[in-house]
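Notes for the one structure printed next.
Just so we're on the same page: letters track the sequence lines, and every chain starts at 1.
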Amino acid sequence: MDAPRANLPPLSLHVPEPRFRPGDEADFSDVVVPPAGSARRPDTAEPASSFRELAYTLVRVLDESGQAVGPWNPRLDPEALRKMLRAMALTRAFDERMFRAQRQGKTSFYMKSTGEEAVSVAAAMALASDDMCFPSYRQQGILITRGYPLVTMMNQIYSNKGDPLQGRQLPIMYSAKDHGFFSISGNLATQYPQAVGWAMASAAKGDTRIAATWCGEGSTAEGDFHSAMTFATVYKAPVILNVVNNQWAISSFSGFAGAEATTFAARAVGYGIAGLRVDGNDALAVYAATEWAAERARTNQGPTLIEHFTYRAEGHSTSDDPTAYRSAGEPNAWPLGDPIRRLKDHLIAIGEWDEARHAAQDLALAEEVKRAQKEAEKNGILGHGLHQPFETMFEGVFEETPWHLREQSEQMIAERKAAGI
Amino acid sequence: MDAPRANLPPLSLHVPEPRFRPGDEADFSDVVVPPAGSARRPDTAEPASSFRELAYTLVRVLDESGQAVGPWNPRLDPEALRKMLRAMALTRAFDERMFRAQRQGKTSFYMKSTGEEAVSVAAAMALASDDMCFPSYRQQGILITRGYPLVTMMNQIYSNKGDPLQGRQLPIMYSAKDHGFFSISGNLATQYPQAVGWAMASAAKGDTRIAATWCGEGSTAEGDFHSAMTFATVYKAPVILNVVNNQWAISSFSGFAGAEATTFAARAVGYGIAGLRVDGNDALAVYAATEWAAERARTNQGPTLIEHFTYRAEGHSTSDDPTAYRSAGEPNAWPLGDPIRRLKDHLIAIGEWDEARHAAQDLALAEEVKRAQKEAEKNGILGHGLHQPFETMFEGVFEETPWHLREQSEQMIAERKAAGI
Amino acid sequence: MTRMNMIQAINSAMDVMMERDPNVVVMGEDVGYFGGVFRATAGLQAKYGKTRAFDTPITEIGIVGVAIGMGAYGLRPVPEIQFADYIYPALDQLVSEAARLRYRSNGDFTAPITVRSPYGGGIFGGQTHSQSPEGIFTHVSGIKTVIPSTPYDAKGLLIAAIEDNDPVLFLEPKRIYNGPFHGHYDRPAKTWADHPAAEVPAGHYRVELGKAATVRSGEAVTILCYGTMVHVVANTIEELGVDAEIIDLRTLVPLDIEAIEASVKKTGRCMIVHEATRTSGFGAELSALVQERCFYHLEAPIERVTGFDTPYPHSLEWAYFPGPVRIGEALKKLLKD
Amino acid sequence: MTRMNMIQAINSAMDVMMERDPNVVVMGEDVGYFGGVFRATAGLQAKYGKTRAFDTPITEIGIVGVAIGMGAYGLRPVPEIQFADYIYPALDQLVSEAARLRYRSNGDFTAPITVRSPYGGGIFGGQTHSQSPEGIFTHVSGIKTVIPSTPYDAKGLLIAAIEDNDPVLFLEPKRIYNGPFHGHYDRPAKTWADHPAAEVPAGHYRVELGKAATVRSGEAVTILCYGTMVHVVANTIEELGVDAEIIDLRTLVPLDIEAIEASVKKTGRCMIVHEATRTSGFGAELSALVQERCFYHLEAPIERVTGFDTPYPHSLEWAYFPGPVRIGEALKKLLKD
Ligand SMILES: Cc1ncc(C[n+]2csc(CCOP(=O)(O)OP(=O)(O)O)c2C)c(N)n1
Ligand SMILES: Cc1ncc(C[n+]2csc(CCOP(=O)(O)OP(=O)(O)O)c2C)c(N)n1
Ligand SMILES: [Mg+2]
Ligand SMILES: [Mg+2]
């Protein structure tokens with residue numbers, strides 16, 4: 001490193017910085033929020049190159065008065081809307097309860113999806129029940145929407161004897177093949193190329209089922225994301241690639257994933273893939289975008305990337321305290337509101353719901369979750385007693401357990417016996 | 001895998017296919033070649049979002065009559081143009097000779113850059129001499145332009161006793177720090193994030209030097225490419241990211257890297273990075289684009305991705321026979337012509353060159369290369385005698401050789417002695 | 001029976017499996033139309049179509065990640081990594097995903113994929129076309145590692161790998177694709193023409209995973225090896241007239257520990273030969289296992305003859321390669337007392 | 001001297017080096033403003049500014065690749081990988097680039113980077129927050145692997161690593177960040193408060209790479225270990241009253257072979273303890289080396305006590321962990337004859 005050349009301007013390194021830190025007042029008034037109904041809805045047969053602008057706007061359906069407007073309005077019947085609302089509220093109630101269970105020492109870890117319930121619930125409703133989901137760790141709403149038993153989810157969270165994964169996985173790393181829900185990985189974004197591969201296989205077989213996958217905006221930086229996008233565009237894979245832009249990746253704001261320069265939906269443009277940017281707190285917009293993308297996939301028009309513009313209203317996980325790095329006021333200042341409240345307001349605005357029913361439903365859901373929890377705790381909680389026989393630790397590494405694992409299993413049991421435990 | 005659902009359309013998998021295979025007549029008449037001079041040249045201070053269309057056209061300067069036209073004309077003086085022409089012709093002469101040397105069994109491997117000489121030579125001329133290059137294996141033109149000794153290049157190719165890399169690397173995997181040329185890796189695209197890191201370091205230090213890197217269109221699929229793009233956009237790194245789209249990646253056409261859906265310059269758009277698509281066989285366009293991107297980098301406007309639209313006129317390497325997978329007529333049918341011929345025609349058109357001088361130069365360059373080869377072969381060729389002492393094999397794994405490598409070295413030498421060799 | 005070199009045998013294994021099972025697909029860089037840079041998949045696209053034998057983008061993360069997804073769907077993908085030196089970008093998908101999927105989902109999902117990759121040196125390929133990374137994978141719970149040394153085994157093992165419901169890394173010793181290599185780089189290259197294990201059945205057969213082959217019975221010493229080294233070792237002991245028992249491991253994980261133990265207990269001496277770098281190579285595990293299980297039978301320290309702990313050099317390739325000289329000297333030492 | 005826990009000592013090492021050398025930069029996921037999920041870089045951004053301590057995109061390929069480029073420029077980057085379980089995506093940049101750069105360019109370019117990463121289990125972190133991948137890196141020529149077991153060593157070794165001109169993988173045993181762990185998960189957690197090696201100088205000092213520490217001298221058996229296991233072993237032999245010599249390796253590559261050899265030749269018995277999975281773990285290399293070099297001194301087979309060859313389970317964590325029971329039983333076996 002010699003001294004910089006004097007006849008050229010000195011360079012400087014730009015390091016992104018979020019607008020608000022602890023102590024700052026959060027003010028999102030300059031976040032551009034296009035009016036509901038303003039984004040056009042192309043025909044699903046249009047080529048991706050003809051609607052690149054959709055990567056730079058926000059598909060929104062619910063307006064400020066709670067009405068559903070514009071070409072993306074999915075015109076769901078009230079029964080479906082109430083089902084959607086209920087699943088979102090149940091997801092939130094479940095999260096509350098399990099967060100508390102972790103705080104009570106009943107398990108090691110938990111992750112909420114508060115504020116992001118629309119992203120998973122509305123998508124799950126728009127997909128066919130046998131479409132295959134490759135989620136990240138924050139799409140518990142899919143399982144709940146698809147009717148996976150709450151007790152089983154809790155059993156997994158407690159690693160107890162009812163845990164279908166036999167206590168092998170960290171809490172919330174569900175796997176539910178019969179609910180079209182792929183085994184969640186701790187390594188970010190690995191599910192992205194897997195989803196593309198599943199979709200390619202389905203297409204190669206002349207099947208009708210499509211795949212959908214989710215990752216956070218922070219995770220888009222991983223190489224897996226890019227590999228997935230490349231495979232998806234090359235083979236026109238029937239897959240929906242969801243990026244949940246909840247503004248934060250643990251303590252790092254979205255600028256560290258590239259949000260200062262463009263949107264995440266724009267990534268799609270880079271590969272010639274259809275890209276939509278959606279108000280992720282508007283359940284109807286999420287539903288409509290998913291339905292549209294699914295239709296494209298089902299008709300061999302290829303993949304769609306959907307950026308869900310939303311906000312992580314709480315900490316990253318039970319291990320995280322967001323007040324250490326962001327303004328405490330952010331969640332409330334967030335300009336796109338709360339997805340549950342917005343859907344509720346819509347149902348009320350169209351005369352299909354009221355505050356009293358909502359309050360009653362909240363109470364009922366809390367009760368339902370509590371009942372499930374009691375039921376689950378009958379199977380034990382983490383650390384209070386061992387819920388799986390020791391030898392299960394050695395099973396399932398391979399389909400057939402080879403000699404070295406059998407030997408290790410026997411050795412362990414013999415050692416424990418010898419030591420008198 | 002159950003039977004496909006009857007009420008949904010069956011999916012099908014799209015697998016790209018190049019337009020011509022062996023035996024086909026190559027006809028590129030439908031490749032869209034915008035007229036020279038037609039692309040606008042934004043001010044280097046303009047934000048990347050204001051000229052996304054440049055990712056979908058071709059920046060071209062040299063028109064069909066050999067004139068330099070339009071806003072991207074770099075208006076080089078004839079001396080510089082002749083220097084450029086000479087370096088390109090020398091690169092080609094060097095490639096011819098070394099290819100032949102491999103065929104004669106003088107080394108294990110060689111890779112030509114035939115048809116792509118403009119990409120490296122013109123870029124090297126547009127960069128400052130102390131800007132740092134992170135090339136792939138097909139940018140020997142940079143070293144030649146920067147005056148790196150041909151003999152030294154050949155010594156490396158022969159792994160002989162003049163090889164600055166002591167025979168450790170495959171032929172053409174040069175390293176030349178004092179010529180601003182990073183050690184070439186066998187693993188594709190790894191140099192991309194490294195270039196970004198170098199540029200970030202330079203910026204962090206208030207230095208004036210920028211970085212430039214190159215990879216093939218096939219290599220853009222690697223995760224490293226994406227990581228590099230993400231870091232580059234996040235920190236506005238002063239780096240030029242070149243994608244040499246020579247249509248082929250060994251036997252795979254560019255469609256397997258995503259070319260059916262969009263351009264490679266469009267990748268830039270996906271990250272909010274400035275993107276240019278350039279006629280890579282037009283040395284003036286390459287020069288102008290590089291100069292513009294360098295100016296942006298030097299003034300802290302951030303990275304630029306340049307797609308060089310060109311054609312790999314020969315095999316991938318000495319291990320490859322392209323007639324096994326592509327139409328033999330492709331190189332000649334390629335609509336953008338030969339870069340050397342085009343620059344020569346330009347110099348002739350402006351009255352600064354003629355066919356006789358060109359022929360004489362070609363002869364002189366062939367002689368120069370032959371002389372260098374003779375010189376290099378004095379240091380030996382691969383496999384005829386061992387050119388490096390055995391113990392050098394154990395040096396340089398670490399700065400200081402630890403005991404286990406010293407022991408292995410001594411053991412090897414003792415064993416050879418014991419065996420009488 | 002047909003005469004096949006190792007490439008043909010590998011090609012035949014895929015052909016047989018694609019014929020029998022419509023869920024078998026092959027994929028990788030240059031694997032489709034062209035049939036692979038080593039021609040291992042030649043003809044498969046023409047025969048089975050582009051959706052069953054196809055080229056891929058150049059991203060090893062993607063190749064393995066996509067194969068895992070296809071496997072979860074129900075296919076049996078056989079992805080190729082063009083050179084084993086290029087498997088590192090895919091490591092996370094192999095280690096954290098393929099190898100863990102069955103366990104972490106308690107059998108809900110599996111990854112029945114067979115990752116093929118040419119490995120090893122002796123072809124003047126330099127640092128990035130010569131590596132032997134098998135040791136890394138043997139440390140990863142949940143993946144099997146298989147390395148053939150003959151055309152017959154290559155086909156039978158590859159069929160068994162493709163039929164296996166667990167992820168298998170199938171490493172192909174590229175130095176012996178066209179003929180057994182006896183370690184003398186300066187003598188004319190051999191072909192498989194007169195090798196008995198180049199008689200290969202045209203149809204389906206399996207060589208079970210997890211079973212070693214005793215290539216030669218002997219009393220003086222047990223030599224554990226695999227891949228190219230099987231031939232180098234066999235030739236060297238023949239030249240030296242040593243009565244060695246040569247065990248070709250064929251599968252590293254799961255290992256045929258019974259064959260190893262029985263042999264070492266018989267001979268009392270053990271040598272391990274591999275091309276991979278020495279430190280923490282699979283030879284270390286073999287050495288540890290042998291001394292743990294045969295300690296009281298060992299008459300001399302177990303010897304390892306391996307690649308050196310340096311990158312694979314280009315011009316000094318034949319000094320690096322653990323050839324006859326190094327094997328011979330190590331044998332002398334091992335047998336001297 | 002100040003009292004520091006291991007996190008504070010690691011933080012102090014970076015602080016000292018950033019103060020002394022303007023080319024030292026720290027980077028990684030959540031490393032900047034927040035100071036790292038384990039707080040190891042807390043305060044560094046406030047003190048040295050955003051261009052010297054910064055958050056990064058979530059791409060381990062990128063973090064290491066960018067650090068290599070910065071190193072080639074002349075900086076000394078100290079990238080953090082948030083958990084060692086997430087180092088696999090970066091493997092190619094580490095193996096094919098950082099580790100090879102000096103050699104392949106014959107010294108033209110180097111990669112003086114220190115990759116820090118918390119590793120190991122015992123925190124109910126499940127499969128992807130508990131792994132011990134050190135063995136993989138010890139197989140890679142050109143990279144050093146360092147693992148401290150106390151605050152004092154952590155600071156001195158990290159300073160030496162940052163000052164080293166070769167790439168170093170610096171693995172931090174996260175179970176003992178806040179206190180030594182004696183292996184009994186069901187007893188109250190200890191802090192570093194009364195541990196002598198928690199007395200740490202405030203300023204610059206080095207603990208040389210490649211030198212082991214004899215934690216306890218003894219005659220009955222040599223126990224080789226590192227990281228968390230040093231404390232588990234020390235406590236176990238104290239509980240059992242075994243006169244073991246405990247060697248804390250501290251650096252795996254390059255290894256302090258002299259210390260190991262001298263000790264095993266003295267005691268005649270050797271046990272190796274690590275948390276990583278057994279097969280092809282670094283224990284295999286240690287076992288192979290010891291039997292090669294001390295064969296005629298060994299009175300019993302070398303014992304390995306390691307993690308099992310399964311993914312790290314969540315609920316059965318304490319059955320998996322190589323704790324006092326397993327170490328104790330292995331010691332009994334090793335000492336019985
Ligand atoms: C490969 C890998 N690197 C790092 C981590 C650690 N990590 C876990 S979650 C997380 C942040 C992810 O943020 P984002 O993708 O935005 O998802 P969100 O949590 O906001 O839903 C990080 C860095 C990991 N799990 N895997
Ligand atoms: C990580 C990695 N994967 C695969 C290869 C094998 N390989 C060498 S060159 C090449 C094709 C590259 O094509 P492209 O990027 O278009 O560059 P070009 O050769 O056309 O200049 C491949 C697949 C490699 N060297 N590294
Ligand atoms: Mg996020
Ligand atoms: Mg190419």
Side-chain angles (χ1 to χ4, degrees), chain B residues 1 12-13 15-18 21 108-109 159-160 163 165-171 173 185-189 216 218-225 249-253 256-258 319-320 324-325 382-383 386-388 390 392-394 396-397 404-405 408-409 411-412 414-416 418-419 421, chain C residues 23 29-37 45 49-51 53-63 73-75 82-83 85-86 88-90 92 123-130 185-186 278-279 306 308-320 324-326 328-330 332-333:
Chain B
M1 280 167 298
S12 69
L13 185 68
V15 180
E17 185 63 30
R21 287 294 192 190
S108 56
F109 183 74
S159 279
N160 66 18
D163 175 7
L165 309 185
Q166 294 203 288
R168 288 180 184 158
Q169 275 276 49
L170 207 60
M173 301 278 175
S185 177
N187 292 50
L188 296 171
S219 305
T220 62
E222 293 284 6
D224 307 71
F225 175 84
I250 312 184
S251 77
S252 306
F253 85 116
F256 282 101
S319 315
D320 181 46
Y325 51 79
L382 182 68
L386 286 171
H387 307 299
Q388 290 84 27
F390 288 126
T392 63
M393 193 164 71
F394 300 91
V397 180
H404 65 286
L405 284 163
Q408 290 176 21
S409 175
Q411 186 195 334
M412 182 192 67
E415 279 172 356
R416 298 184 75 89
I421 52 175
Chain C
N23 291 322
E29 298 158 14
D30 303 296
V31 152
Y33 181 89
F34 183 57
V37 297
Q45 184 176 85
K50 287 201 298 177
T51 57
F54 54 89
D55 292 312
T56 62
I58 304 175
T59 159
E60 291 77 12
I61 303 174
I63 292 169
Y73 177 90
L75 303 189
Q82 199 163 82
F83 286 86
D85 315 66
Y86 305 141
Y88 306 118
D92 190 46
I123 59 152
F124 267 126
Q127 318 196 358
T128 58
H129 303 89
S130 304
Y185 64 93
D186 45 2
R278 181 181 185 88
T279 298
T306 70
F308 295 118
D309 284 321
T310 76
Y312 212 106
H314 182 243
S315 66
L316 290 177
E317 162 143 66
W318 295 114
Y320 181 90
V325 171
R326 295 184 49 212
E329 290 303 312
K332 278 190 221 159
K333 189 173 150 206

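- Between chain C and the options B:His404, B:Gln411, B:Gln408, heavy-atom pairs under 4.5 Å are most frequent for B:Gln408.
- Put simply, of B:Ala257, B:Ala418, B:Gly223, the one with the most heavy-atom pairs under 4.5 Å next to chain C is B:Ala418.
- Ring-plane geometry between C:His129 and B:Phe109 is classed as tilted, the angle between the planes lying from 30 to 60 degrees on a 0 to 90 degree scale.
- Between chain C and the residues B:Asp320, B:Leu165, B:Asn187, B:Asn160, the largest count of heavy-atom pairs under 4.5 Å involves B:Asn187.
- Using a 4.5 Å cut-off between heavy atoms, C:Tyr312 touches chain B through its backbone atoms (N, CA, C, O) alone.
- C:Ile61 touches chain B through its side chain: at least one heavy atom from C-beta onward sits under 4.5 Å away, while N, CA, C and O do not.
- Heavy atoms closer than 4.5 Å to chain C are found in the side chain of B:Leu188, but not in its backbone.
- Looking at C:Asp309, its side chain never comes within 3.5 Å of a backbone N or O of B:Leu405 through a donor-acceptor pair.
- Counting heavy atoms of neighbouring residues, nucleotides and ligands inside a 6.0 Å radius, atom NZ of C:Lys333 does not exceed 12 of them.
- For B:Tyr325 and C:Tyr33, the distance between ring centers is not under 6.0 angstrom.
- Shortest non-hydrogen contact noted between B:Ser108 and B:Leu170 is OG-CD1, 4.4 Å.
- Of the atoms belonging to C:Asp85, it is backbone heavy atoms, and not side-chain ones, that fall under 4.5 Å from chain B.
- Annotation: maximal heavy-atom pairing with chain C below 4.5 Å, among B:Arg416, B:Gln388, B:His387, occurs at B:Gln388.
- Looking only at heavy-atom pairs under 4.5 Å with chain C, the residue among B:Ala249, B:Gly383, B:Ser159 that has the most is B:Ser159.
- Nearest heavy-atom pair across B:Met393 and C:Pro313 is SD-CG, 3.5 Å.
- Contacts between B:Pro16 and chain C at a heavy-atom distance below 4.5 Å involve the backbone alone (N, CA, C, O).
- The shortest non-hydrogen separation linking B:Ala324 to C:Phe34 is CB-CE1, 3.7 Å.
- With C:Asp55 contributing its side chain and C:Glu29 its backbone, the two residues share no donor-acceptor pair below 3.5 Å.
- In terms of heavy-atom proximity, B:Val15 sits nearest to C:Phe54 at CG1-CB, 4.0 Å.
- With a 4.5 angstrom heavy-atom cutoff, B:Ile250 touches chain C via backbone and side-chain atoms both.
- Of the two parts of C:Glu317, neither the backbone nor the side chain holds a non-hydrogen atom closer than 4.5 Å to a non-hydrogen atom of chain B.
- When heavy atoms are compared at a cutoff of 4.5 Å, C:Val37 approaches chain B solely by way of its side chain, counted from C-beta outward.
- In this structure, the portions of C:Thr310 lying under 4.5 Å from any heavy atom of chain B include both its backbone and its side chain.
- The residue among C:Lys332, C:His314, C:Glu329, C:Arg326 with the most heavy atom pairs within less than 4.5 Å of chain B is C:His314.
- When atom types are taken as modelled, the side chain of B:Arg168 and the backbone of C:Pro311 share no donor-acceptor pair closer than 3.5 angstrom.
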